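In what follows, a structure is listed as structure tokens, so that the remarks can point back to it.
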Amino acid sequence: MLLSPRIRAVLLVAASTALVAAGAPAPGPLGIGDPLFPHLGNPGYDVTSYDIAFDYSGDNSRPLNAVTKIDALATADLRHINLDHTHGKVSSVLVGGEPATFAEKGEDLVVTPARPVRRGLPISLTVRHTSDPGGNQDNGGWIRTGDGLAMANQADAAHRVFPSNDHPADKALFTFRITTPKGTTAVANGLPTGKRTTDRGTTWTYRTAHPMATELAQVSIGKSTVVHREGPNGLPLRDVVPTADREKVEPLLKKTPDHVAWMESKVGRYPFETYGVLIAGARTGFALETQTLSLFERDLFTTKGVPQWYVESVMVHELAHQWFGNSVSPRSWSDLWLNEGHASWYEALFAEERAGHSLEERMKEAYRDSDGWRASGGPPAAPEPAAPGKKLSLFRPIVYDGSALVLYALRQEIGAGAFDRLERAWVQRYADGNATTADFTRLASSITGRDLSGFFQGWLYGAKTPPMPGHADWRSAEPADDAARSGGGAA
């Protein structure tokens with residue numbers, strides 16, 4: 001059954017109210033009922049901040065000792081407090097400074113404070129645990145690099161690194177304190193606020209100035225060089241690169257100020273306190289828009305024969321996410337098309353304006369494949385869950401160019417001027433917050449003074465791709481039988 005985002009929100013509120021009315025739930029794993037990750041997130045509280053300390057030994061195969069402090073506000077009476085957590089050992093939990101009992105249930109850490117927490121009161125938790133970079137890294141969390149560690153937590157892997165309310169609907173401020181041995185550099189989201197060296201190593205402290213989803217957290221530890229430069233309007237930029245590759249990658253990294261200026265010309269001022277590129281010596285198969293410090297694999301920048309325009313367009317893709325997905329975060333993972341569709345749109349637009357690669361031709365090709373993508377992975381705003389054991393299969397073509405195609409159709413339908421006004425209004429109205437597909441469709445109708453619900457229903461939820469406005473001759477190929485039967489897209 002497919003429920004609209006509005007109905008899902010009403011049902012979640014009703015379910016939460018029912019839990020409170022019926023008394024405290026029995027200890028066990030919970031979730032907020034996300035359509036794609038139903039066990040992710042936890043009801044009953046809203047996190048306001050995380051303060052996370054990692055102690056790195058210098059061996060990236062060994063678990064890190066860690067302390068995660070969480071400040072939250074109770075939104076319901078709580079006898080138990082559930083946190084998303086797995087892949088680490090918990091040694092103690094404090095609630096309000098007092099010892100609490102705890103148990104691991106599935107991928108939840110169920111905490112029972114000495115006294116129930118009442119609705120409306122603050123909650124302070126301190127969890128001492130390990131954070132293990134071992135195991136199957138295809139599931140996300142820590143990734144081991146040639147000289148240390150980095151994070152890749154999308155979509156549901158932050159709780160493999162630290163206990164959290166691991167859903168983008170609950171954004172919070174973050175502080176990171178990373179202790180490393182001599183000769184190792186640590187960088188994290190946000191700006192540095194302190195650096196202290198003792199006999200046991202250096203502790204690096206970073207703090208975000210804007211709320212962040214857990215899946216966007218980033219900590220880089222390695223033998224790195226941090227390169228500083230200035231972006232538009234004095235924006236501090238910093239890139240984190242393997243020291244040995246510093247000169248080799250500079251010709252591309254120095255393009256970032258221009259990329260930021262280009263994006264600002266399209267949608268307005270960059271939304272955060274800093275930005276930069278993190279180049280990791282690891283083969284991930286993807287780039288990732290971790291907030292203020294986008295993650296890229298080294299090979300993208302160092303492999304001979306990769307066209308510069310292509311690398312720059314990928315850099316712009318991750319930069320665009322800082323507006324679309326990071327500042328304006330999805331309310332549920334079914335809203336993923338708003339993240340990836342927009343990032344793919346600006347990636348393609350940049351490639352057209354700067355390298356002459358036709359946006360229209362790219363969209364025509366996407367239109368040809370769109371019915372097959374919908375058959376294999378669902379329509380853009382109602383994607384099918386990831387294939388079992390292959391979480392990254394959620395990130396299939398329909399959420400990239402298949403969703404950029406929706407934006408192209410919208411611009412064809414309402415005109416370039418109205419489309420540009422919508423884009424700017426979207427990132428301004430929902431900055432530092434969460435938004436849904438329904439929010440986007442309502443704003444589009446408001447901007448244009450037209451009821452666009454019928455247009456969006458077909459383009460976002462239809463099993464077949466609607467006719468393209470202005471291109472009556474475009475045709476979508478019939479999906480192959482194997483694609484039509486498949487429950488998931490490419491990994």
Side-chain angles (χ1 to χ4, degrees), residues 48-58 60 64-71 131 142 145 147-153 158 161-162 171-214 216-243 245-246 249-250 253-254 256-257 260 270-280 288-296 318-319 322 326-327 432:
T48 56
S49 68
Y50 294 91
D51 189 316
I52 307 171
F54 294 112
D55 193 341
Y56 177 65
S57 67
N60 67 1
L64 291 74
N65 291 323
V67 180
T68 296
K69 297 179 180 179
I70 302 172
D71 287 327
S131 186
W142 287 116
T145 66
D147 60 356
L149 294 168
M151 283 186 195
N153 296 329
V161 179
F162 56 92
K171 298 167 70 169
L173 297 172
F174 278 74
T175 298
F176 294 97
R177 308 173 196 275
I178 311 108
T179 301
T180 66
K182 183 179 180 181
T184 305
T185 300
V187 184
N189 311 92
L191 289 170
T193 60
K195 178 182 174 184
R196 183 171 58 88
T197 299
T198 64
D199 291 342
R200 59 185 299 270
T202 300
T203 299
W204 315 71
T205 303
Y206 294 84
R207 184 170 292 121
T208 67
H210 296 261
M212 179 171 73
T214 49
L216 302 173
Q218 183 58 266
V219 171
S220 164
I221 305 171
K223 298 185 183 303
S224 306
T225 294
V226 181
V227 183
H228 296 275
R229 66 187 93 234
E230 188 174 287
N233 305 299
L235 176 70
L237 301 175
R238 49 88 166 88
D239 300 317
V240 184
V241 303
T243 299
D245 297 317
R246 166 72 179 86
V249 300
E250 175 60 17
L253 294 184
K254 70 181 183 182
T256 298
V260 175
Y270 176 77
F272 298 122
E273 64 273 22
T274 185
Y275 185 65
V277 167
L278 165 61
I279 298 179
L288 186 62
E289 65 274 14
T290 41
Q291 191 161 306
T292 72
L293 187 62
S294 292
L295 172 69
F296 297 86
E318 304 310 328
L319 172 61
Q322 304 301 314
N326 295 12
S327 178
D432 286 340

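Hydrogens, waters and symmetry mates are skipped; everything else that's a heavy atom, side chains included, is used. Because the structure is a prediction, the values reported are computed rather than measured.
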Listed by chain and number, what are the side-chain contact (heavy atoms from CB on, under 4.5 Å) partners of D71, not counting sequence neighbours?
-> T48, S49, S124
Check: N189 side chain, Q291 main-chain N or O, donor-acceptor pair, under 3.5 Å | yes
List in chain and number order the residues that pass side chain to side chain donor-acceptor pair (under 3.5 Å) with T256, two or more places apart in sequence or in another chain; answer none if no residue qualifies.
-> none
Excluding sequence neighbours, so at least two apart, what forms salt bridge (Lys or Arg N to Asp or Glu O under 4.0 Å) with R238?
-> none
Would you check if the side chain of T208 reaches a backbone N or O of P211 as a donor-acceptor pair within less than 3.5 Å?
-> no
Worked verdict on V219 versus L149 for side-chain contact (heavy atoms from CB on, under 4.5 Å) | CA-CA 8 Å; V219 171; L149 294 168; over 6 Å; no
Which residues pass the side-chain contact (heavy atoms from CB on, under 4.5 Å) test with A213, sequence neighbours left out?
-> P168, K171, E215, L216
Could you name each residue pair satisfying salt bridge (Lys or Arg N to Asp or Glu O under 4.0 Å) that touches residues 182-200, not counting sequence neighbours?
-> D55-R200
Return each pair, listed once, that meets salt bridge (Lys or Arg N to Asp or Glu O under 4.0 Å) where at least one residue sits in residues 185-194; pairs must be two or more places apart or across chains.
-> none
Could you tell me whether the side chain of T274 and the main chain of T292 form a donor-acceptor pair under 3.5 Å?
-> no
Set of residues satisfying side chain to side chain donor-acceptor pair (under 3.5 Å) with respect to S294, sequence neighbours excluded = Y275, Q322
Side chain to side chain donor-acceptor pair (under 3.5 Å) involving D245 - partner list, sequence neighbours excluded = R298
Set of side-chain contact (heavy atoms from CB on, under 4.5 Å) partners for S57, sequence neighbours left out | D59, R62
Looking only at side chains, do T203 and T179 share a donor and an acceptor under 3.5 Å apart?
-> yes
By salt bridge (Lys or Arg N to Asp or Glu O under 4.0 Å), R229 pairs with (sequence neighbours left out) D239, E250
Scan residues 201-214 for pairs that pass salt bridge (Lys or Arg N to Asp or Glu O under 4.0 Å), counting only residues two or more places apart or in two chains.
-> none
Return yes if a side-chain donor-acceptor contact under 3.5 Å exists between T243 and T225, otherwise no.
-> yes
Hey, does L253 have a side-chain heavy atom less than 4.5 Å from the side chain of V227?
-> no
Can you name the residues that form a side chain to side chain donor-acceptor pair (under 3.5 Å) with E318, not counting sequence neighbours?
-> none
